[in-house]
Colleague: 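Here you go, one structure.
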Amino acid sequence: MVAVELKQSENGVSTAPGATRFVHVQTFGCQMNVNDTDRIMQVLAPHGWAPTDDPAQAQLILLNTCSVRDKAEQKMLSQLGRLRPLKEHNDELVLGVAGCVAQQEGAALLDKVPYLDLVMGPDHIGELPTLLERMQRGERRIAETEFYKRKDFRFVEAEPRDETRVSEFVTIMKGCDRVCSYCIVPFTRGREVSKPREMVVREVERLVAAGAREVTLLGQNVNSYGKDLQEGAGPLASRVPTFSELLTAVDAVPGLERLRFTTSHPMDAIDDLIDLFGRLRTLCEFFHLPVQAGNDRILDEMRRFYTVADYRDKVHKLRARCPEIALSTDIIVGFPGETDAEFEDTLRLLEEVRYDSIFAFKYSERPGTRAEKLGDNVPEAVKKARLSRVLAVQDAITRDKMQAMHGQVVEILVEGPSQRAARGTAGQGGGGFQMMGRTRTNLIVNVPVPFGDFWNKRWVGKLARVEIVEVKANTLFGRFV
Ligand code: SAH
Ligand code: SF4
Ligand code: F3S
């Protein structure tokens with residue numbers, strides 16, 4: 001997945017004309033969940049529900065949750081506790097948990113949290129209006145977390161929202177058929193199901209028509225897109241689209257400027273994908289390729305099904321095909337039994353590959369996973385120290401790479417006012433009037449603009465060439481050329 005940084009985002013706008021009921025959703029976890037929240041809003045809208053940022057105004061509050069690490073789950077539980085008083089003041093309020101914790105805990109969550117009304121797994125988003133109707137007819141507490149059989153699963157086809165952004169996400173599959181020993185995702189998202197290619201292309205076309213210029217295709221393991229369609233496809237099998245074919249089809253959507261995808265498993269159908277870099281006009285020079293660890297024994301215990309040498313080979317191929325490609329990765333430190341020497345191998349790999357950015361996590365034991373049986377035996381203090389070392393090594397590399405950007409001319413896609421501008425901080429150029437854009441390699445660049453251009457958003461959605469004129473504390477500042 002994308003930057004599976006634990007984050008919480010809220011659902012933008014607060015009112016819609018003529019709406020009688022308000023829904024407040026808080027989103028935790030990965031982009032998949034952020035996207036699911038959009039689908040939740042979409043299916044509720046025709047039933048008269050409008051989003052609100054204020055939980056006290058809502059008749060329905062949903063926490064769309066993540067359980068990839070223990071901390072994420074704890075965060076959700078404490079958030080429920082904070083919302084509890086609202087239930088005491090409002091008999092009508094429906095309080096629900098959706099997403100991965102809902103899927104994992106099922107009806108047991110209703111027992112654990114006595115003031116909770118609804119537990120809904122990610123497969124059931126499309127049925128949310130029906131579940132609410134059942135509650136209105138008198139059913140008090142509902143848990144709906146059965147997985148659908150592959151052949152019965154239906155995606156909710158995405159429609160663009162009113163506030164479509166320059167850069168949008170499109171889910172292309174759900175679930176994960178891999179069996180990484182530490183990971184809960186296969187339990188919370190079920191088997192892989194690929195969204196039909198025509199539906200993906202249609203969604204991208206609509207987003208582009210609504211103003212999007214960049215699209216990121218989302219899945220837990222996008223490289224295995226289409227494999228489930230292949231099963232039982234018989235004589236039609238050769239016509240079932242692979243991920244590379246899907247990218248090629250999306251690349252052809254008129255008006256689309258940039259195409260990204262996340263996440264990939266290093267061993268799934270990567271070679272034909274590598275060949276597309278530099279060939280597809282919109283495909284950006286950026287690859288998130290999670291390695292997790294730099295030691296073969298640990299990789300084997302993690303059930304990643306590759307060695308460090310296999311991984312290195314993919315990186316070499318990628319860089320040979322596309323020398324300017326930016327790479328990022330995920331790292332887990334303190335996996336059960338990881339020795340100091342084994343951990344050092346991870347540091348060595350970071351030094352060798354020199355990623356542009358990384359996400360690093362302390363191992364977190366997850367219930368029901370294979371790794372749970374190994375015992376969470378690396379002490380917390382050791383995990384913490386290892387995480388700091390990983391981050392320190394990467395910080396130095398990132399700093400070097402950022403400094404090397406000084407004086408370069410790059411193309412950015414302008415997304416909107418820079419966060420610095422929004423906070424009113426003065427950056428390069430003195431005032432707070434800066435736009436933010438990204439390079440194809442996914443670096444953020446802030447560019448000062450004249451007052452008038454800032455307010456009329458003249459640059460939003462435009463591709464522009466900028467020269468990097470300052471690099472300060474891992475932030476790039478540019479000027480239009
Ligand atoms: N499907 C994606 C990502 C899934 S979760 C992929 O395979 O890349 C995102 C990241 O969270 C993983 O890459 C891994 O680094 C981390 N992660 C998953 N389970 C974890 C656990 N139990 N403890 C710590 N980190 C974990
Ligand atoms: Fe989890 Fe592995 Fe699947 Fe990624 S590929 S979601 S880490 S099981
Ligand atoms: Fe995403 Fe967290 Fe679920 S990372 S798939 S929301 S467990």
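Start at 1 and go down the list; that is how both ligands and their atoms are numbered. Residue indices begin at 1 and follow the sequence shown.
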Colleague: Any side-chain donor-acceptor pair under 3.5 Å between Ser67 and Gln104?
Modeller: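 Short answer, yes.
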Colleague: At less than 4.0 angstrom from any non-hydrogen atom of Tyr363, what atoms of ligand 1 do you find?
Modeller: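 So the answer, numbered in order with elements, is 23 (N), 24 (C).
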Colleague: Using a distance-only test with no angle check, is there a side-chain donor-acceptor pair under 3.5 angstrom linking Thr307 and Asp296?
Modeller: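 Per modelled atom types, Thr307 and Asp296 side chains form no pair under 3.5 Å.
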Colleague: Identify, by atom number and element, the atoms of ligand 3 in contact range of Cys30, meaning under 4.0 Å from any of its heavy atoms.
Modeller: 1 (Fe), 4 (S), 5 (S), 6 (S)
Colleague: Taking both backbone and side-chain atoms of Arg366, is any N or O found less than 3.5 Å from an N or O belonging to ligand 1?
Modeller: no
Colleague: Which ligand 2 atoms, with their elements, are less than 4.0 angstrom from a heavy-atom of Cys180?
Modeller: 2 (Fe), 5 (S), 7 (S), 8 (S)
Colleague: Determine whether the side chains of Glu285 and Thr441 contain a donor N or O and an acceptor N or O closer than 3.5 Å.
Modeller: no
Colleague: Which residues pass the ring pair (Phe, Tyr, Trp, His ring centres under 6.0 Å) test with Tyr182, not counting sequence neighbours?
Modeller: none
Colleague: For atom 2 (Fe) of ligand 2, does an N/O/S atom of His265 lie at less than 2.8 Å?
Modeller: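 Looking at His265, which is the residue asked about, there is no N, O or S atom under 2.8 Å from atom 2 (Fe) of ligand 2.
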Colleague: Report yes or no: does Gln31 have a heavy atom closer than 4.0 Å to ligand 3?
Modeller: no
Colleague: Under a 4.0 angstrom heavy-atom cut-off, which atoms of ligand 2 come close to Cys176?
Modeller: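 That gives atoms 3 (Fe), 5 (S), 6 (S), 8 (S) of ligand 2.
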Colleague: Can you tell me how far the CE atom of Met402 sits from the OG atom of Ser357, to the nearest 0.5 Å?
Modeller: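 Here the rounded value is 10.0 Å.
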Colleague: Go through ligand 2 atom by atom and flag the ones less than 4.0 Å from a non-hydrogen atom of Arg304.
Modeller: 2 (Fe), 7 (S)
Colleague: What atoms of ligand 1 come closer than 4.0 angstrom to any heavy atom of Pro290?
Modeller: 8 (O)
Colleague: Checking Asp330 against His288: is there a side-chain donor and acceptor pair closer than 3.5 Å?
Modeller: yes
Colleague: Using a heavy-atom cut-off of under 4.0 Å, does the side chain or the backbone of Val185 touch ligand 2, or both, or neither?
Modeller: side chain
Colleague: Taking 4.0 angstrom as the limit and counting only heavy atoms of Cys100, give me the atoms of ligand 3 inside it, by number and element.
Modeller: 3 (Fe), 5 (S), 6 (S), 7 (S)
Colleague: Is the closest heavy-atom distance from Lys362 to ligand 1 below 4.0 Å?
Modeller: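 Within the 4.0 Å threshold, so yes.
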Colleague: Go through ligand 1 atom by atom and flag the ones less than 4.0 Å from a non-hydrogen atom of Val68.
Modeller: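 So the atoms of ligand 1 that pass are 5 (S), 18 (C), 19 (N), 20 (C), 21 (C), 22 (N).
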Colleague: I'd like to know whether Val25 forms a side chain to side chain contact (heavy atoms under 4.5 Å, CB included) with Thr27, so could you lay out the CA-CA distance, the side-chain angles of the two residues, the decisive distance to 0.1 Å, and finally the verdict.
Modeller: CA-CA 6 Å; Val25 184; Thr27 312; 4.2 Å; yes
Colleague: Against heavy atoms of Gln292, which atoms of ligand 1 measure under 4.0 Å?
Modeller: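 Matching atoms, with element in brackets: 12 (C), 13 (O), 14 (C), 15 (O).
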Colleague: Can Asp356 and Ser328 be counted as having a side-chain donor-acceptor contact under 3.5 angstrom?
Modeller: no
Colleague: Which one holds for Arg189 and ligand 2: side chain close, backbone close, both close, or neither close, with close meaning a heavy atom under 4.0 Å?
Modeller: neither
Colleague: Distance under 4.0 Å to a non-hydrogen atom of Arg69: what atoms of ligand 1 satisfy this?
Modeller: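 This gives 11 (O), 16 (C), 17 (N), 23 (N), 24 (C), 25 (N), 26 (C) as the contact atoms.
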Colleague: Quiz question: by atom type and distance under 3.5 Å, do the side chains of Asn64 and Thr37 form a donor-acceptor pair?
Modeller: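 Yes, side-chain donor-acceptor contact under 3.5 Å.
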Colleague: For Arg370, does the CZ atom have more than 12 heavy-atom neighbours from other residues, nucleotides or ligands under 6.0 Å away?
Modeller: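 Result for CZ/Arg370: open.
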Colleague: Looking only at distance, does Glu365 have an N or O less than 3.5 Å from an N or O of ligand 1?
Modeller: no
Colleague: Less than 3.5 Å apart, any donor N or O on the side chain of Gln103 or Thr188 sitting next to an acceptor on the other?
Modeller: no
Colleague: Taking only heavy atoms of Cys66, which atoms of ligand 3 are found under 4.0 Å from at least one of them?
Modeller: 2 (Fe), 4 (S), 6 (S), 7 (S)
Colleague: Regarding ligand 1, does Asn221 bring an N or O atom to under 3.5 Å of one of the ligand's N or O atoms?
Modeller: no
Colleague: Just to be sure I read this right, does ligand 1 sit under 4.0 Å from the backbone of Phe361, its side chain, both, or neither, counting only heavy atoms?
Modeller: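 Side chain only.
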Colleague: So, Asp345 versus Asn295: side-chain donor-acceptor pair below 3.5 Å or not?
Modeller: yes
Colleague: Could you tell me whether Pro186 approaches ligand 2 through its side chain, its backbone, both or neither, with non-hydrogen atoms closer than 4.0 Å?
Modeller: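 The side chain, only.
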